[in-house]
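One structure is given here, and the rest of the page talks about it.
Just so it is clear, the model here is predicted, and its values are computed rather than measured. Order of the sequence lines fixes the chain letters, A, B, ..., with proteins taken first and strands second; residue numbering starts at 1 for each chain.
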Amino acid sequence: MIKKILSILMLISLLIVFSLASFEALENSNSFSKDFYIENTYKHTGSKNLVTGIYLDYRLFDSIFEASILLVSVTGIIFMSKRDDEVL
Amino acid sequence: MKPSHILASVCRVLFPFILIFGFYIIIHGHLSPGGGFQGGAILATAFLTTYFMNFKKITDLNFLIKIEKIFFLIILLIAMFSLITKGEVFTSFLSTNSELKPIFLITLNFFIGIKVASGLISIIATFIEEGRN
Amino acid sequence: MKIIYLLEILLIIFLIFIVISKNNLKLIVFFSASSLVSASIYLFLDSPDLALAEVAIGSAIIPLIFIIAISKQRKFLVINNTTFDNERIEYCIYDILKEFTDIYNLKLEIQDSEYVELYGIFRSKNVDLVIEKKKDKYILKGKKTSILMNKLEDMTRGKKDIKVVKVIEGETYD
């Protein structure tokens, strides 16, 4: 019973915090970086799709490690699926 | 489990069209929504339909892993190539004023797409092989 | 403006169905449908890149992996570690195990005693249950993370000579 009441209180507090944070973000929004990318992405990178321009030119450092995450997870899955006598 | 004939023949008809759509998403990544990761996932679903076609062996696992490793190294090399031309790492190696700037995006999208597709296909193939015995 | 509200209500209905449904295959179909609905919500909120990835991964690849993982669980492997042979054990435990595996549509398989590892990555066989005998009491050892063990514990609550022990998952160092 106490666990249920605690979980309901936790959910209500999460709801209040998220709604307050979203109202705060709507009021204090700053459109500097948005205007910068909309103006300059085609000039700098030559891509009409803004998302590709950002993740392959401005943030290439991030997307390379994102590609390495998939490599590591594939090797982990293949290592776990082998039996004992096949690995050792 | 024995797959039905209707499902197998429908998958056999759909397979080349899904392949063409995936390559279109990859190559047109700089003009329309999409890119390497999305196109690679669509290519992986195209190979997923071969599971219903009652193929004996879906793919060679060592070959896929080798492709993924080599392509990851190629992506790293292309990203590091701007150290020679511009003097800074992890940007485009073409100069800002040239007209050929989309070539960099197309090559990186292509390599990332093939890498993601081979990774997802190898995950599916491992699960299928594990389920057989 | 109005279609997106309808889609959100549909998404909440699908998610409630996922939580309360007992059948595994129905659950996977609901999961695939909910990810399709969420992909169309992304499309209406002007992010088509995310919608493409969600359609390909959430509604095609992950349900196939779940289906393969469920269809793998068809056998219930039991290791008989007592001094009796397989015919003797039938009278006491076999009926309970048979009734238990009929509920989940599994195939019961009892093997003779040998040394097996119950947990860890490097085990040679995928063992579900080990039967041991100690002072007129049969001890059933199973993994703690398996959901099936809770049902087995419920079924053997009335019996005096059967005890269910749950082993905590972990690695062995030797």
Do other residues, nucleotides or ligands put more than 12 heavy atoms under 6.0 Å from C:I20 CD1? yes
Greater than 12 external heavy atoms within 6.0 Å of C:I3's CD1: no
Kindly check if the number of other-residue, nucleotide or ligand heavy atoms within 6.0 Å of CZ (B:F93) is above 12? yes
Does B:F37 reach the side chain of C:I57, with side-chain heavy atoms less than 4.5 Å apart? yes
Give a yes or no on this: more than 12 heavy atoms of other residues, nucleotides or ligands lie within 6.0 Å of atom CG of C:D46. no
Between the side chain of B:Q38 and the main-chain N/O of C:D49, is any donor-acceptor distance below 3.5 Å? yes
Should we count CZ of B:F110 as having more than 12 external heavy atoms under 6.0 Å? no
Quick one: closest heavy-atom pair of C:A56 and B:T45, and the distance? O-CG2, 3.6 Å
Got a second to check how far C:I61's CD1 is from B:L120's CG, nearest 0.5 Å? 4.5 Å
Please tell me if the side chains of B:I42 and C:L52 come closer than 4.5 Å, counting only heavy atoms from C-beta onward. yes
Under a 4.5 Å heavy-atom cutoff, which of B:S32, B:A44, B:G40, B:G34 has the most pairs with chain C? B:G34
